[in-house]
Amino acid sequence: LFRSHLKVYEISLAEKEIGKLVWKQSDIEAEASMLISVPAPAGGVVVVGQETIVYYRGDYQKAVAPPELVYSPLICFGRVDSDGSRFLLGDMQGHLMMLLLERDQKIDGSLIVDDLKLTTLGTAVIAKNLTYLDNGFVFVGSTFGDSQLVKLNAERDDSGSFIHVMESFTNIGPIVDMEVVDLERQGQGQLVTCSGAYTEGSLRVIRNGIGIHEHATLDLEGIKGIWPLKVGGVEAEGFDNTLVLSFVGQTTILRLAGEELEGTEIVGFSNEQTLFAGNVSGGQLVQITASSVRLVDSGSLQLISEWKTPDGKNISVAACNRTQIVVASGRRLFYVEIEPG
């Protein structure tokens with residue numbers, strides 16, 4: 001028969017050494033497997049065992065024996081509040097729980113933890129680590145299944161859970177066994193794996209190729225060309241925020257507003273069919289149509305300069321980079337350079 005003990009030491013950060021013993025506690029639960037440090041002002045440590053959860057600070061202790069611990073051991077935790085009043089706990093069955101440290105202020109102004117309360121929130125993937133992000137969002141990292149981004153709701157849903165899974169992140173490990181098979185009988189081998197463990201066990205099929213993750217769709221017919229633009233001047237940073245869509249005989253411009261695309265216009269652009277559009281040097285935009293090459297300021301959206309073929313014939317093909325343009329008109333090629341301003 002063995003016994004477990006808890007000892008707390010000072011650590012000298014300057015000398016990188018363990019200092020003197022601050023306090024100790026003898027004969028804690030023998031099966032205790034997890035320590036949770038409680039930051040100031042309350043301080044102390046929470047010891048999680050297979051039957052009890054106990055808060056210790058010096059000679060003071062507060063213990064609870066929640067029935068939830070009987071069914072599955074707790075394996076990870078994550079702090080919710082900076083003062084250490086709430087902690088998320090996860091067990092081997094994927095249950096997420098909230099541990100609340102109720103505190104009371106003593107006459108001398110110090111805080112003391114006078115009660116521990118454990119509430120089951122719901123079920124997610126079996127967690128290896130729990131990271132509370134903000135506004136009720138929690139990242140549940142798992143080595144047994146797909147990691148998840150979950151939202152903790154203030155009210156229970158129809159199934160009695162406070163948890164709503166917002167997104168999952170694929171994890172094919174741990175792989176217990178695998179086999180290469182031709183599922184579609186087309187001569188292309190695919191890898192079938194026995195992935196995960198415990199309640200997260202699954203069969204996964206892995207094949208060669210590229211995957212497309214759809215973020216948004218827009219139903220438009222007859223598009224002849226599409227170009228992204230970054231509109232907002234020389235200092236514009238980040239992602240492209242405007243789309244130029246070319247149709248037969250016309251051009252449509254869409255701008256990203258939040259998570260929506262809405263119609264807009266660039267004053268310096270022509271409404272005729274676009275052959276090319278893009279960002280060029282000097283914080284400028286270029287639009288090439290059959291009739292001309294138009295240079296537009298990306299901040300004010302006003303036309304800066306326009307070039308047309310000397311003989312007035314239409315442009316049929318165009319290519320462009322940041323500083324150079326080549327267009328074809330009939331059997332003739334024209335080279336145009338772009339200068340700032």
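The structure displayed is predicted, hence computed values, not measured ones.
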Note to self: For Glu17 and Ser12: C-alpha separation, side-chain torsions, deciding distance, then whether side chain to side chain donor-acceptor pair (under 3.5 Å) applies.
What the structure shows: CA-CA 5 Å; Glu17 292 181 353; Ser12 174; over 6 Å; no

Notebook entry, point to check: What's the shortest heavy-atom distance between Asp157 and Ser159, and which atoms?
Noted result: OD1-OG, 2.8 Å

Notebook entry, point to check: What's the spacing between Leu243 CG and Leu229 CG if we round to 0.5 Å?
Noted result: 8.0 Å

Item checked: Atom NZ of Lys151: over 12 foreign heavy atoms under 6.0 Å -> yes

Notebook entry, point to check: Which heavy atom in Ile325 sits nearest to a heavy atom in Cys320, and how many Å separate them?
Noted result: CG1-SG, 3.6 Å

Margin query: Between the side chains of Arg204 and Asp146, is the shortest nitrogen-to-carboxylate-oxygen separation below 4.0 Å, so that they form an ion pair?
Written below: yes

Notebook entry, point to check: Knowing that exactly one of Leu285, Val296, Asp297 qualifies, which makes a side chain to side chain contact (heavy atoms under 4.5 Å, CB included) with Ile304?
Noted result: Asp297

Checklist line | Worked verdict on Val280 versus Thr323 for side chain to side chain contact (heavy atoms under 4.5 Å, CB included) | finding: CA-CA 6 Å; Val280 292; Thr323 59; over 6 Å; no

Margin query: To the nearest 0.5 Å, what is the distance between CD1 on Ile223 and OG on Ser246?
Written below: 9.5 Å

Check: Nearest 0.5 Å, what's the CZ-CZ distance between Phe269 and Arg294?
Finding: 9.0 Å

Check: Could you give the distance from OG1 (Thr264) to CG (Leu254), rounded to the nearest 0.5 Å?
Finding: 9.0 Å

Next item on the list: Name all pairs fulfilling the salt bridge (Lys or Arg N to Asp or Glu O under 4.0 Å) condition that reach into residues 88-105, sequence neighbours left out, sorted by first residue then second.
Entry: Asp83-Arg103, Glu102-Lys117

Next item on the list: Could you walk me through whether Val286 and Val293 pass the side chain to side chain contact (heavy atoms under 4.5 Å, CB included) test, one step at a time?
Entry: CA-CA 7 Å; Val286 67; Val293 177; 3.8 Å; yes

Notebook entry, point to check: Can Leu35 and Leu6 be said to form a side chain to side chain contact (heavy atoms under 4.5 Å, CB included), step by step?
Noted result: CA-CA 10 Å; Leu35 300 177; Leu6 177 66; 4.2 Å; yes

Check: Is a side-chain donor-acceptor pair under 3.5 Å present for Ser270 with Glu272?
Finding: yes

Notebook entry, point to check: Has Leu220 got more than 12 heavy atoms of other residues, nucleotides or ligands less than 6.0 Å from its CG?
Noted result: yes

Next item on the list: Locate the shortest heavy-atom distance separating Leu130 from Gly90; write the atom from each residue and the value.
Entry: CD1-N, 3.9 Å

Next item on the list: Determine the minimum heavy-atom distance between Gly283 and Ser298, stating which atoms define it.
Entry: O-OG, 2.8 Å

Checklist line | No-hydrogen, no-angle side-chain donor-acceptor test under 3.5 Å, Thr52 and Glu29 | finding: yes

Checklist line | Donor + acceptor pair across side chains of Ser291, Thr289 (<3.5 Å) | finding: yes

Check: If only atom types and distance count, is the side chain of Gln284 paired as donor or acceptor with the main-chain N or O of Ser281 below 3.5 Å?
Finding: yes

Next item on the list: Given side chain to side chain contact (heavy atoms under 4.5 Å, CB included), test Tyr132 with Phe139 step by step and report yes or no.
Entry: CA-CA 6 Å; Tyr132 184 81; Phe139 178 76; over 6 Å; no

Notebook entry, point to check: More than 12 heavy atoms of other residues, nucleotides or ligands under 6.0 Å from CG of Asp59: is that the case?
Noted result: no

Note to self: Would you compute the distance between atom NZ of Lys106 and atom CG of Asp114 and round it to the nearest 0.5 angstrom?
What the structure shows: 11.5 Å

Check: Sequence neighbours excluded, which residues qualify as salt bridge (Lys or Arg N to Asp or Glu O under 4.0 Å) partners of Asp27?
Finding: Arg3

Check: With a 4.5 Å heavy-atom cut-off, do Met92 and Phe144 have their side chains touching?
Finding: yes

Checklist line | Nearest-0.5 Å distance that lies between atom CG in Leu89 and atom CG in Leu69 | finding: 8.5 Å

Check: So with a 6.0 Å cut-off around OH of Tyr198, is the heavy-atom count from everything else above 12?
Finding: no

Next item on the list: May I ask you to check whether Tyr56 and Trp23 place their ring centers less than 6.0 Å from one another?
Entry: no

Margin query: Is a donor from one side chain sitting under 3.5 angstrom from an acceptor on the other, for Gln324 and Tyr335?
Written below: yes

Check: Is the count of non-hydrogen atoms from other residues, nucleotides or ligands lying under 6.0 Å from Leu133 atom CG greater than 12?
Finding: yes

Next item on the list: Identify whether Val47 and Leu99 are in the same connected component of the hydrophobic contact network (ILVMFWY, side-chain heavy atoms under 4.5 Å).
Entry: no

Item checked: Polar side chain donor-acceptor pair, Thr251 to Thr274, under 3.5 angstrom -> yes

Notebook entry, point to check: Are any non-hydrogen side-chain atoms of Leu21 and Lys7 less than 4.5 angstrom apart?
Noted result: yes

Check: Does a salt bridge link Asp81 with Arg86, judged by any charged N lying under 4.0 Å from a carboxylate O?
Finding: yes

Item checked: Under 3.5 Å: donor-acceptor pair, side chain of Asn241, backbone of Val231 -> yes

Next item on the list: Check Gln273 against Phe247 and note the closest heavy-atom contact, atom names and distance.
Entry: CG-O, 3.1 Å

Notebook entry, point to check: Nearest heavy-atom pair of Leu275 and Ile315: which atoms, and what distance?
Noted result: CD1-O, 3.5 Å

